[in-house]
Amino acid sequence: MNSIEVNNLTKKFGSFTAVDNVSFNVKKGEIFGFLGANGAGKSTTIRMLCAILEPTSGDAIVGRYSINKQPDQVKKNIGYMSQRFSLYNDLTVEENINFFGGVYGLEESEFEERKKWVLKIANLEGKEKTLTSSLPGGIKQRLALGTAVIHKPEIVFLDEPTSGVDPISRRRFWDLIHELSSEGITVLVTTHYLEEAEYCNNIILINRGKIIAQGTSDELKKNYIKNTILQIECDKVIEALEILEKQNFVNEVSIFGNSIHIVVNDNYKNEEQIRNLLEKNHSINVFRIDSIVPTLEDVFIHVLEEDKENGSSKN
Amino acid sequence: MKNVIHIIKKEFLQFKRDPKMFGIILVSPVLQLILLGYAATLDVKIVHTLVFDQDRSELSKDYIKRFENSGFFSIDYYATDYNQVTEQINDGDIIVAIVIPNDFEKKIQRHETAKVQLLFNGSDGNTASIVAGYISNITGKFSQNLFPDYFNVNGGRIIPSAQITPVIRIWYNPSLQTRNFMVPGIVGLLLSNITLILASLAIVKEKEVGTLEQLMVTPIKPFELMIGKMIPFIILGFAAVIIVITAMTFIFNIPVRGNIFFLLFASFLYVLSTLGFGLLVSTISHTQQQAMMISIFGIMIPMVYLSGFAFPIENMPKIIQAVSYVIPLRYFITIIRGVILKGLGFTDLWIEASVLFVMGISILLLSSLRFRKKLG
Ligand SMILES: Nc1ncnc2c1ncn2[C@@H]1O[C@H](COP(=O)(O)OP(=O)(O)OP(=O)(O)O)[C@@H](O)[C@H]1O
Ligand SMILES: [Mg+2]
């Protein structure tokens with residue numbers, strides 16, 4: 001069953017198209033990852049799905065309701081954590097919970113139960129009177145998530161909830177996301193961290209307002225990169241990168257730490273080809289060459305490169 | 001409506017945590033009072049004058065001529081009885097009434113001191129004291145010219161015993177303190193600061209930090225948000241007004257002579273305009289700093305200078321006088337001064353009150369439509 005159905009959604013700001021004819025479906029209870037560079041159109045899409053930004057054209061069904069025709073119904077059934085901090089810094093933990101519980105119209109008994117729950121997941125039991133501004137970043141985000149779903153929505157939108165949060169807190173935050181999802185809540189989340197994308201059931205990559213790749217993590221790795229990827233460990237990494245870039249058997253190169261990943265094509269024969277090139281011609285020491293399973297990062301670099309070529313050939 | 005209460009509660013909790021804001025509320029009007037009090041050495045260009053000449057002699061006509069020729073006085077009205085004098089001064093169109101007694105010429109011919117009565121509408125203390133200065137000056141010159149002539153005819157000996165003395169009576173503001181004139185105006189400024197600047201800041205702050213976006217996904221409707229944001233500032237504004245009026249009564253010794261409830265009612269009518277402006281500012285600014293700039297330089301300063309708060313409107317160029325008619329503060333200041341200094345009430349000021357009401361409703365309506373559109 002689909003929880004969200006997006007049909008040809010488009011948003012223009014003047015002549016600039018921020019979201020370009022985007023369509024996708026999200027299943028109930030799924031964790032759906034929304035990836036893209038800065039300015040790709042992630043937030044704009046989410047804001048339209050939350051019915052706070054009117055689409056230029058297209059529609060979406062969010063939890064049975066149309067964002068164009070029933071925006072108020074949509075709002076009742078969703079939770080939203082915007083990209084910027086969404087709580088009042090000058091209120092205490094408890095005052096924030098009371099305010100949002102109040103505007104979502106929770107009944108007294110239900111509210112008490114939900115308040116306890118929010119305090120528990122944010123690890124703030126006994127710290128109700130703390131000023132929100134003085135909380136550490138990770139805790140703030142958990143409190144924000146808790147208050148965003150205080151009314152038990154069916155769907156929750158999280159816009160870069162873990163940006164600027166330390167890795168351990170990020171991990172904990174994702175545990176929380178999985179907990180929500182296991183309760184049947186649909187989670188649509190944007191992120192810049194590719195390792196976080198691995199935690200998602202389904203992923204969409206958006207670039208310049210358009211979807212350029214979608215599927216599960218495994219599907220993406222299988223479908224978008226047909227060619228072999230080699231990991232080369234060598235010295236003088238930058239120099240090697242520049243040399244490899246020019247070879248006709250290489251499609252793409254990128255640096256991963258102190259090694260190089262290259263995507264090779266049919267002109268590639270064997271390792272000797274690379275060793276000869278680097279060691280004999282340029283006296284760069286090659287320590288290892290392995291054929292590897294692509295990471296999501298490889299996939300994204302690949303599809304972004306392709307998109308860039310398509311874009312420039314069009315222009 | 002429950003949502004409105006949740007928002008009001010939240011606003012008050014936020015006030016509590018922001019003592020800086022109270023500084024702005026309380027300090028700025030006091031500063032303005034001090035600055036304007038000192039800066040208020042303003043020239044008076046045209047003095048609207050009433051003459052009640054009971055003597056109708058050559059000499060009294062000559063005396064009146066001196067005023068006309070001075071270039072400062074415009075004799076707008078010749079009264080024929082004392083009731084007219086009172087009426088004209090109460091209406092506020094006349095700044096000074098010159099009352100010449102029927103024994104004016106006789107006394108001067110007998111070399112006795114003639115007393116001319118000057119009645120001032122002193123609610124504008126500043127203008128009144130300047131005008132009193134002009135009048136003494138003209139009168140002094142007139143009697144100097146006059147008496148030597150008489151003495152020369154009588155053999156050239158100068159007996160400086162007789163002269164014309166202006167007897168000055170000032171209505172409404174007998175001590176002629178500019179302060180008395182300014183302080184009531186501060187009530188208007190204070191109310192404007194709170195309901196315009198602070199209210200717009202409170203909305204823009206939510207925009208700036210991002211909580212507005214969060215509010216927009218909650219079931220709060222735009223009009224609930226608007227009302228919830230305004231009510232706390234109306235309450236705060238009225239609290240400040242009551243504090244200032246109390247302080248005025250006990251510290252400055254300027255009691256409210258008219259009906260305080262009418263004053264509060266008029267304040268409410270005025271606040272409709274300033275809240276409307278505040279809302280408008282919040283829809284056009286993205287940062288608190290912008291909102292502050294626009295409300296101070298775009299709205300407050302023009303309002304203050306065109307309202308007659310600092311400078312008498314009569315002394316402004318005709319075009320600017322015309323513009324002042326669309327300034328809500330102009331009407332509110334007239335009401336405040338009328339009620340506090342002259343003890344006037346609804347029957348005298350209903351026109352001003354109605355204008356405020358109509359202006360307030362229109363500004364508020366237009367701004368809230370824009371606010372809804374920007375949010376929706
Ligand atoms: N209100 C607006 N008016 C004009 N342009 C806008 C507006 N909102 C967003 N944009 C533009 O639309 C594009 C997409 O913005 P969006 O915020 O959706 O990107 P994003 O993918 O969320 O990026 P980030 O990772 O930086 O958050 C950007 O180029 C942005 O400048
Ligand atoms: Mg974004």
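Side chains included, hydrogens not; waters and symmetry mates left out as well; all remaining heavy atoms used. Throughout, a chain's letter reflects where its sequence line sits, starting with A, and its residues are numbered from 1.
In this structure, Phe24(A) has its ring center closer than 6.0 angstrom to the ring center of Phe34(A). Checked against a 6.0 Å centroid threshold, the rings of Phe233(B) and Phe15(B) count as neighbours.
Chain A forms more heavy-atom pairs under 4.5 Å with one residue of Lys2(B), Gln14(B), Lys221(B) than with any other, namely Gln14(B). Most heavy-atom pairs under 4.5 Å with chain A: of the set Leu215(B), Val217(B), Leu13(B), this distinction falls to Val217(B).
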**Study point:** Candidate pair Lys11(A) and Glu54(A), rule salt bridge (Lys or Arg N to Asp or Glu O under 4.0 Å), full reasoning
**Key:** CA-CA 8 Å; Lys11(A) 180 70 196 182; Glu54(A) 228 174 280; over 6 Å; no
Exercise for review: In sequence, state the C-alpha distance, the side-chain angles, and the governing distance for Glu154(A) and Lys28(A), and then conclude on salt bridge (Lys or Arg N to Asp or Glu O under 4.0 Å).
Suggested key: CA-CA 8 Å; Glu154(A) 297 164 30; Lys28(A) 183 166 163 43; 5.9 Å; no
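Of the two parts of Val209(B), only the backbone, made up of N, CA, C and O, holds a non-hydrogen atom closer than 4.5 Å to a non-hydrogen atom of chain A. For Glu206(B), the part lying under 4.5 angstrom from a heavy atom of chain A is the side chain only. With a 4.5 angstrom heavy-atom cutoff, Thr147(A) does not touch chain B via any of its atoms. The part of Leu131(A) that comes within reach of chain B is its side chain, from C-beta onward, which places non-hydrogen atoms under 4.5 angstrom from that chain. When heavy atoms are compared at a cutoff of 4.5 Å, Leu212(B) does not approach chain A at all. Only the backbone of Phe85(A) comes within less than 4.5 Å of a heavy atom in chain B; its side chain stays farther off. Using a 4.5 Å cut-off between heavy atoms, Phe100(A) contacts chain B through its side chain alone, with no backbone atom that close.
Under a 4.0 Å N-O distance rule, the pair Lys10(B)/Glu95(A) does not qualify as a salt bridge.
Taking the ring axis of Phe173(A) as reference, the NZ or CZ atom of Arg142(A) does not stay both within 45° of it and closer than 6.0 Å to the ring centre.
Looking at every heavy atom in both residues, Thr10(A) comes nearest to Asp20(A) through OG1-C, 4.1 Å.
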